[in-house]
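Here's the structure we're looking at; comments come further down.
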Amino acid sequence: MKTNICLYHTGYSQFNQEAIDCVNSMTPDRLDDISITCYNPSPDFIDIKCAVFAPSALDSFTDGIIITSSIGHANDVLGCSTNAIKILYLYDLSWMFKPLSYDLIYDTLNDERLKIILRSPTYEKSMLNVGCKRPMTILEKFSLEEIWNSL
């Protein structure tokens, strides 16, 4: 399935390690359908075996899925004029401790066009306490195949 993964940068982070390892482990015939959007260009910490685009390319990404791990990027993706399925993979709860507008968080997490996947079952209670909808599923390890199968 045609897939784009949005990353803050291509430097090291736990999520980047999982996402890029997942992409790199896919068979070469599937990599044409997988790409990464990088919001802040940085030196790659590992070889990335797929195309890397700027965020301006998201509007032209159609007929697939866009995955992000950031509420801010999820809000950007929701604003794109694309018919791609939009997924927020909440890798951690750092968004709860940043000075973001509650209205932005609430509106983004409850948007009907956004599907939410949690990394940990313990995150669900926090989300429900903020007044958010239930997640689509819980995946403790980032896996494109499991995401595709859950759609």
Side-chain angles (χ1 to χ4, degrees), residues 1-10 13-27 29-40 48-53 55-151:
M1 178 177 283
K2 189 174 173 184
T3 303
N4 182 276
I5 304 166
C6 299
L7 303 176
Y8 275 119
H9 54 77
T10 54
S13 75
Q14 282 183 296
F15 177 72
N16 287 5
Q17 179 80 54
E18 281 189 36
I20 294 169
D21 283 349
C22 179
V23 168
N24 286 348
S25 71
M26 305 299 283
T27 58
D29 58 303
R30 306 274 307 261
L31 287 177
D32 290 342
D33 292 336
I34 302 171
S35 60
I36 290 174
T37 294
C38 179
Y39 276 77
N40 300 304
I48 300 173
K49 297 178 182 178
C50 70
V52 179
F53 297 106
S56 58
L58 284 174
D59 275 330
S60 61
F61 188 84
T62 59
D63 300 328
I65 63 172
I66 300 174
I67 303 168
T68 182
S69 64
S70 158
I71 291 180
H73 294 164
N75 194 47
D76 292 346
V77 168
L78 289 170
C80 289
S81 58
T82 177
N83 61 348
I85 298 168
K86 297 151 182 86
I87 297 174
L88 174 61
Y89 180 80
L90 281 175
Y91 190 79
D92 59 36
L93 296 180
S94 62
W95 55 275
M96 293 184 77
F97 307 103
K98 292 183 180 179
L100 292 174
S101 164
Y102 176 79
D103 291 343
L104 170 73
I105 293 170
Y106 181 84
D107 291 346
T108 302
L109 293 177
N110 285 300
D111 194 300
E112 293 177 8
R113 300 170 294 163
L114 185 67
K115 298 183 182 306
I116 298 173
I117 297 174
L118 303 180
R119 182 175 66 117
S120 171
T122 60
Y123 297 173
E124 187 170 12
K125 182 179 178 186
S126 297
M127 286 194 52
L128 296 175
N129 284 343
V130 177
C132 301
K133 65 184 176 189
R134 292 198 177 275
M136 177 176 80
T137 191
I138 296 169
L139 296 177
E140 294 186 19
K141 181 156 175 63
F142 184 85
S143 167
L144 288 177
E145 292 199 14
E146 287 187 47
I147 292 170
W148 296 334
N149 291 336
S150 67
L151 294 175

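- Side-chain N or O atoms of Asp59 include none that pairs as donor or acceptor with a backbone N or O of Cys80 at under 3.5 Å.
- For the pair Ile65/Trp148, a side-chain contact is recorded, criterion being any heavy-atom separation below 4.5 Å from C-beta on.
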| request: Kindly indicate, with the supporting measurements, whether the criterion side chain to side chain contact (heavy atoms under 4.5 Å, CB included) is fulfilled by Ile36 and Ile20. | output: CA-CA 9 Å; Ile36 290 174; Ile20 294 169; 4.2 Å; yes
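- Expressed to the nearest 0.5 Å, how far SG of Cys132 lies from CD1 of Ile105 amounts to 8.0 Å.
- Leu88 is listed as a side-chain neighbour of Leu109, based on a closest heavy-atom distance under 4.5 Å.
- Looking only at atom types and distance, the side chain of Ser120 has a donor-acceptor partner in the side chain of Thr122 under 3.5 Å away.
- The ring-ring contact (aromatic ring centres under 6.0 Å, His included) test applied to Phe61 returns no partner, not counting sequence neighbours.
- Between Cys38 and His9 the shortest heavy-atom distance is SG-CA, 3.7 Å.
- Shown here are the side-chain contact (heavy atoms from CB on, under 4.5 Å) partners of Ser69, two or more places apart in sequence or in another chain: Phe15.
- Cys50 and Ser35 get closest at one heavy-atom pair: SG-CA, 4.0 Å.
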| said: I'd like to know whether Asp92 forms a side chain to side chain contact (heavy atoms under 4.5 Å, CB included) with Gln14, so could you lay out the CA-CA distance, the side-chain angles of the two residues, the decisive distance to 0.1 Å, and finally the verdict. | reply: CA-CA 10 Å; Asp92 59 36; Gln14 282 183 296; over 6 Å; no
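- Within the 4.5 Å cutoff, no side-chain heavy atoms of Glu145 are placed close to those of Cys22.
- The backbone N or O of Phe142 lies less than 3.5 Å from no partner atom in the side chain of Tyr91, so there is not a single donor-acceptor pair.
- Atom OG of residue Ser126 and atom CG of residue Leu128 lie 9.0 Å apart, to the nearest 0.5 angstrom.
- The environment of NZ in Lys115 is sparse: at most 12 heavy-atom neighbours from other residues, nucleotides or ligands sit within 6.0 Å.
- Under a 3.5 Å cut-off, the side chain of Lys49 and the backbone N or O of Ser25 do not form any donor-acceptor pair.
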| message | The test is side chain to side chain contact (heavy atoms under 4.5 Å, CB included); show your working for Asp107 and Asn75 and say whether it passes. | response | CA-CA 9 Å; Asp107 291 346; Asn75 194 47; over 6 Å; no
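- Ile138 contributes atom CD1, which lies 12.0 Å from atom CD1 of Ile116 (distance to the nearest 0.5 angstrom).
- Remark: side-chain polar atoms of Arg113 are not paired, donor with acceptor, to backbone N or O of Lys86 under 3.5 angstrom.
- Annotation: side chain of Met26 is not in contact with side chain of Asp33 (no heavy-atom distance under 4.5 Å).
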| message | Would Leu151 and Met1 count as a side chain to side chain contact (heavy atoms under 4.5 Å, CB included) here? Give the steps. | response | CA-CA 11 Å; Leu151 294 175; Met1 178 177 283; 3.9 Å; yes
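- Counting heavy atoms from C-beta outward, Asn16 and Thr10 have side chains that stay 4.5 Å or more apart.
- Within the 4.5 Å cutoff, the side chain of Thr3 has no heavy atoms near those of the Val23 side chain.
- Note: Thr108 OG1 to Ile71 CD1 = 7.0 Å, rounded to the nearest 0.5 Å.
- Among all heavy-atom pairs drawn from Tyr89 and Ile67, the shortest one is CB-CG2, 4.1 Å.
- In this structure, Cys6 SG and Asn4 CG are separated by 5.0 Å, a value rounded to the nearest 0.5 Å.
- In this structure, the side chains of Ile66 and Thr68 stay at 4.5 Å or more apart for every pair of heavy atoms.
- For the atom pair CZ (Arg134) and CD (Glu124), the distance works out to 5.0 Å, reported to the nearest 0.5 Å.
- Put simply, the side chain of Asp76 does not reach to within 4.5 Å of the side chain of Leu58, judged on heavy atoms.
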